[in-house]
Amino acid sequence: MIVRDIVEKLGLKVCSGENGLNREIEGGYTSDLLSDVMGNADENHVWVTLQTHKNIMAIASLKELAAIVLVKGYEPEADAAEQSNEEGIPILSSEEEAFELTGKLYEIINQAK
Amino acid sequence: MEFKFTIEGGNFSKAGSASSEVKKILKQLNVNPKIIKRTVVSLYEAEVNVVAHAFEGNMNVDIDTDKIVVKIEDKGPGIPDIDQAMQEGYSTATPQVREMGFGAGMGLPNIKRNSDQMNITSKVDVGTEVEIINYLG
């Protein structure tokens, strides 16, 4: 399963980092607390959050996450989008809330395993 | 090998950049990925603490054949009660910092979990030094 697959299956908007759509996804983590993600998310995870500032990219880069998915139609701030393009870690956006989106991601990622 | 990075207090747009540099160096040295992951988590948390609480700080990295020793020292308010600060959920972060998703009181516990040894010394109104040691063996 790659990032492009979840974009297509869930109709996600690609806000930035399009060059990373072939990154492999092995799981996911949903949280808005940065230290929680830092301590518990893992490499190749998609991260579901409502945080849109640049620090989400610092975390995605340090943890080597597959992609970030913003909920409720949120868009990344300009400097976050810029770093996402530079590092090739996509920031995606969904109109759905975290609960629904996480449920769907969980299902399709586990089906692919 | 020794490296030194500066950390700017209050500048969240640069938070994580020192940790990111150290990660690159550890990768170049072919350090075990599991040890890199643990080290990166602990360094990021220590770096964010300087950004969120202090005026300025340094990250001093000493990589030896058997261990990585990192000292993060800052000029800042210091920690009056280190045992209290180590408790999961305890935080003195401002509301603005919490709104960004920081300040959940998980930083120091994260450092402890992701290091083989962690030492904190602090003087109120002077600053704090956090030493993180991870063994390579």
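So you know, we letter chains A, B, ... as the sequences are listed, proteins then strands, and number each from 1. Treat the numbers as computed from the prediction; the structure is a model and nothing was measured.
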Side chain / backbone / both / neither for N114(B) at chain A, heavy atoms under 4.5 Å: neither
Cluster overlap I109(A) with L65(A), hydrophobic side-chain contacts below 4.5 Å: yes
Value rounded to 0.5 Å, distance of NZ in K37(B) from CD in E43(A): 4.0 Å
Largest heavy-atom contact set with chain B, pairs under 4.5 Å, which of Q83(A), K54(A), M57(A), M38(A): M38(A)
Distance, nearest 0.5 Å, that separates CE of M100(B) from CG of L34(A): 7.5 Å
Neighbour count above 12 (heavy atom, 6.0 Å) for E75(A) CD: yes
Heavy-atom check, side chain of E99(B) versus side chain of H53(A), under 4.5 Å: no
Proximal component of K27(B), with respect to chain A [non-hydrogen, under 4.5 Å]: side chain
Heavy-atom side-chain proximity of L33(A) to F102(B) below 4.5 angstrom: no
Spacing of CG belonging to N110(B) relative to CG belonging to N40(A), to within rounding of 0.5 Å: 7.0 Å
OG on S35(A) to CG on N49(B), rounded to 0.5 Å: 8.0 Å
Contact origin within D36(A) toward chain B - heavy atom pairs under 4.5 Å: both
Same apolar cluster: V70(B) and I133(B), side chain cutoff 4.5 Å: no
Transitive ILVMFWY side-chain link L105(A) to I56(A), under 4.5 Å: yes
Close side-chain approach of K63(A) to V41(B), heavy-atom, < 4.5 Å: yes
L10(A)-M1(A) co-clustered via ILVMFWY side chain contacts under 4.5 Å: yes
Residue F99(A) excluded, over 12 heavy atoms near CZ under 6.0 Å: no
A15(B) versus A58(A), closest heavy-atom pair with distance: O-CB, 3.7 Å
L29(B) reachable from I68(B) in the ILVMFWY side-chain graph, under 4.5 Å edges: yes
